[in-house]
Visitor: 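Let me begin by handing over the structure; questions about it come next.
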Amino acid sequence: MTWTLPEPMLATPVLVPELRPGWAGEPKWDGFRALASVEAGQVVLRSRRGTEMGPSFPEVVAGAVQLPDATALDGELVVWDAAGRLAFERLQNRLARRGAGAARAAEEWPAHFVAFDLLRLSGTDTTSWPYQRRRAALESVFAARQLSAPWALCPSTTEADVVREWLTGRRSEWRAWSSRDSTAPTGPR
């Protein structure tokens, strides 16, 4: 049976930083939602609406050699400026570029894939696993494979004080939730 990328779970913004028991908080990124999959050397980088994004982000496609084969991640493509702030306008400018133009843009404004979920691991579909198990496996992949740019692991916390800091601090745009027991792709994220 052929495995296909599922539809991504979408973030549920909240106004009140209230972390319910059994839930984990994650930042909401100012980027493009993306799914990345590698299978027998073939890389798919797809937007949440199904658009192929690989030609615009050759550095992410090239970085897929760091991932185990037959693995898929759910995350966000972002670009950071020299001060470490998210630079959405630079990311937007990357979409229309292909070939040599995309390669030049990748050198000047490299994109990163901030991974927040593991959908498949070495041929095993993980979408039926509870979030907590998928998250542990995702962290394990990052540690065991020593993933580096373009890969970044999304922070996650079960501590309400950390979530409040994300919501009220300089990163107030970060607000998303995941039930630690939910399976993908159903349920709020």
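For the numbers below, each heavy atom of this structure counts, side chains included, while hydrogens, waters and symmetry mates do not.
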Visitor: Are the side chains of Val79 and Phe88 in touch, meaning some heavy atoms are under 4.5 Å apart?
Guide: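 Of all side-chain heavy-atom pairs linking Phe88 with Val79, none is under 4.5 Å.
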
Visitor: Begin from the C-alpha positions of Trp151 and Leu67 and carry the test side-chain contact (heavy atoms from CB on, under 4.5 Å) through to its verdict.
Guide: CA-CA 10 Å; Trp151 308 106; Leu67 299 174; 3.7 Å; yes

Visitor: Within a radius of less than 6.0 Å around CD of Gln146, do more than 12 heavy atoms belonging to other residues, nucleotides or ligands occur?
Guide: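 No, because the 6.0 Å sphere around CD of Gln146 holds 12 heavy atoms or fewer from other groups.
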
Visitor: Any sub-3.5 Å donor-acceptor pair from Thr126's side-chain atoms to Trp129's backbone N or O?
Guide: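 No: the side chain of Thr126 does not pair with the backbone of Trp129.
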
Visitor: Classify the side-chain pair Ser56/Arg98 by whether it contains a donor and acceptor separated by less than 3.5 Å.
Guide: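 A pair is found: one side chain offers a donor N or O, the other an acceptor, under 3.5 Å apart.
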
Visitor: Please determine whether the number of non-hydrogen atoms from other residues, nucleotides or ligands lying under 6.0 Å from atom CD of Gln42 exceeds 12.
Guide: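 Open.
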
Visitor: Return the minimal non-hydrogen interatomic distance between Glu76 and Phe116, and the atom names on each side.
Guide: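 Heavy atoms only, the tightest pair is N-CE2, 3.9 Å.
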
Visitor: Tell me the closest heavy-atom pair linking Leu121 and Pro68, and the distance in Å.
Guide: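 The pair with the smallest heavy-atom distance is CD1-CG, 4.2 Å.
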
Visitor: Starting at CZ of Arg120, measure out to OG1 of Thr124 and round the result to the nearest 0.5 Å.
Guide: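 The OG1 atom of Thr124 is 8.0 Å from CZ of Arg120, to the nearest 0.5 Å.
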
Visitor: Looking at Arg94 and Glu59, is there a salt bridge between them, counting it only when a charged N and a carboxylate O are closer than 4.0 Å?
Guide: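 Salt bridge: yes.
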
Visitor: If you apply the rule side-chain contact (heavy atoms from CB on, under 4.5 Å), what do you find for Met53 with Leu77, and how did you get there?
Guide: CA-CA 10 Å; Met53 300 171 77; Leu77 285 169; 3.6 Å; yes

Visitor: Ring centres under 6.0 Å, that's the criterion: do Phe57 and Phe113 meet it?
Guide: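 No; Phe113 has its ring centre 6.0 Å or more from that of Phe57.
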
Visitor: Using every non-hydrogen atom in the two residues, find where Pro150 and Ala111 come nearest and quote the distance to one decimal.
Guide: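 In this case the closest contact between Pro150 and Ala111 is CB-O, 3.6 Å.
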
Visitor: Checking Gln66 side chain against Ala149 main chain: does a donor-acceptor pair fall under 3.5 Å?
Guide: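 Side chain of Gln66 to backbone of Ala149: a pair is present.
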
Visitor: Identify which one of Asp74, Leu153, Asp117, Leu119 satisfies the side-chain contact (heavy atoms from CB on, under 4.5 Å) criterion when paired with Leu138.
Guide: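 Of Asp74, Leu153, Asp117, Leu119, side-chain contact (heavy atoms from CB on, under 4.5 Å) with Leu138 is met by Leu153 alone.
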
Visitor: Starting at CZ of Arg135, measure out to OG1 of Thr158 and round the result to the nearest 0.5 Å.
Guide: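 Reported value, rounded in 0.5 Å steps: 11.0 Å.
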
Visitor: Ignoring hydrogens, what is the shortest heavy-atom contact between Glu107 and Pro110? Give both atom names and the distance.
Guide: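 Shortest heavy-atom separation between Glu107 and Pro110 comes out as O-CD, 4.0 Å.
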
Visitor: Quick check against the 3.5 Å criterion: does Glu52 have a side-chain atom that pairs as donor or acceptor with the backbone of Gly54?
Guide: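 A pair under 3.5 Å: yes.
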
Visitor: Donor-acceptor pair, Ser37 side chain versus Ala72 backbone, under 3.5 Å?
Guide: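 Here the side-chain-to-backbone pair does not exist.
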
Visitor: Report the distance from atom CZ of Arg134 to atom CG of Leu118, rounding to the nearest 0.5 Å.
Guide: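 The distance works out to 8.5 Å.
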
Visitor: For Pro155 and Trp29, which heavy atoms make the closest approach, and how far apart are they?
Guide: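 Distance-wise, the nearest heavy atoms are CD-CZ2, 3.8 Å.
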
Visitor: Ring centres of His112 and Trp80 under 6.0 Å apart?
Guide: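 Close enough - the centres of the two rings lie under 6.0 Å apart.
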
Visitor: Which pair of heavy atoms, one from Gly75 and one from Arg33, lies closest together, and at what distance?
Guide: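 For Gly75 and Arg33, the tightest heavy-atom pair comes out as O-CD, 3.1 Å.
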
Visitor: Closer than 4.0 angstrom, basic N to acidic O: yes or no for Arg104 and Glu108?
Guide: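 Salt bridge between Arg104 and Glu108, a charged N being under 4.0 Å from a carboxylate O: no.
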
